[in-house]
Amino acid sequence: MGIESEILEMLFITPEERGKELGRQLIQFGMEHYPMRKVTVNEQNPQAKGFYEHMGFQTYKRTDFDEQGNPYPLLYMSL
């Protein structure tokens, strides 16, 4: 998990550890200890989008390109 200011920049859970509540625990830890209120998700990762929606995040902005200018649509989500 990487947090920059109020933005969750990355959260990685290995496939064999998914479904064990680790993601939820990390998000809760981040919200309790940091001013984390936003996340950026690759639109082509519906599993991550669904997870963040389940955690209460909602999309407020979409772009056609990632922050490096590559054609990977991003969803900007906030609590």
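In what follows, every heavy atom counts, from backbone to side chain, and hydrogens, waters and symmetry copies are set aside.
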Anything under 3.5 Å between a donor and an acceptor, one on a side chain of residues 20-38, the other on a protein residue two or more places apart or in another chain? List them.
residue, atom, partner, partner atom, Å
Lys20, NZ, Glu17, OE1, 3.4
Glu21, OE1, Arg24, NE, 2.8
Arg24, NH2, His54, NE2, 3.1
His33, ND1, Phe29, O, 3.1
Lys38, NZ, Glu6, OE2, 3.3

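- Using modelled atom types, one side-chain atom of Asp66 and one backbone atom of Gln68 make a donor-acceptor pair closer than 3.5 Å.
- Two different hydrophobic clusters hold Ile7 and Phe57 under the rule that ILVMFWY side chains link at heavy-atom gaps under 4.5 Å.
- Formation of a donor-acceptor pair under 3.5 Å by the Thr63 side chain with backbone atoms of Phe65 is found in this model.
- Interatomic distance, Glu53 CD to Met77 CE, rounded to the nearest 0.5 Å: 4.5 Å.
- Side-chain contacts under 4.5 Å among hydrophobic residues (ILVMFWY), followed directly or transitively, place Leu74 together with Tyr60, Tyr76.
- Cluster annotation: Leu8 and Ile13 are assigned to the same hydrophobic cluster (Ile/Leu/Val/Met/Phe/Trp/Tyr, side-chain heavy-atom contacts under 4.5 Å, transitive).
- Partners of Glu43 under the salt bridge (Lys or Arg N to Asp or Glu O under 4.0 Å) rule, at least two apart in sequence or in another chain, are Arg62.
- Counting only heavy atoms from C-beta outward, the side chains of Gln58 and Leu79 never approach each other to under 4.5 Å.
- Counting heavy atoms from C-beta on, the side chains of Glu9 and Ile3 never come closer than 4.5 Å.
- Heavy-atom neighbours of Gln47 CD from other residues, nucleotides or ligands within 6.0 Å: at or below the threshold of 12.
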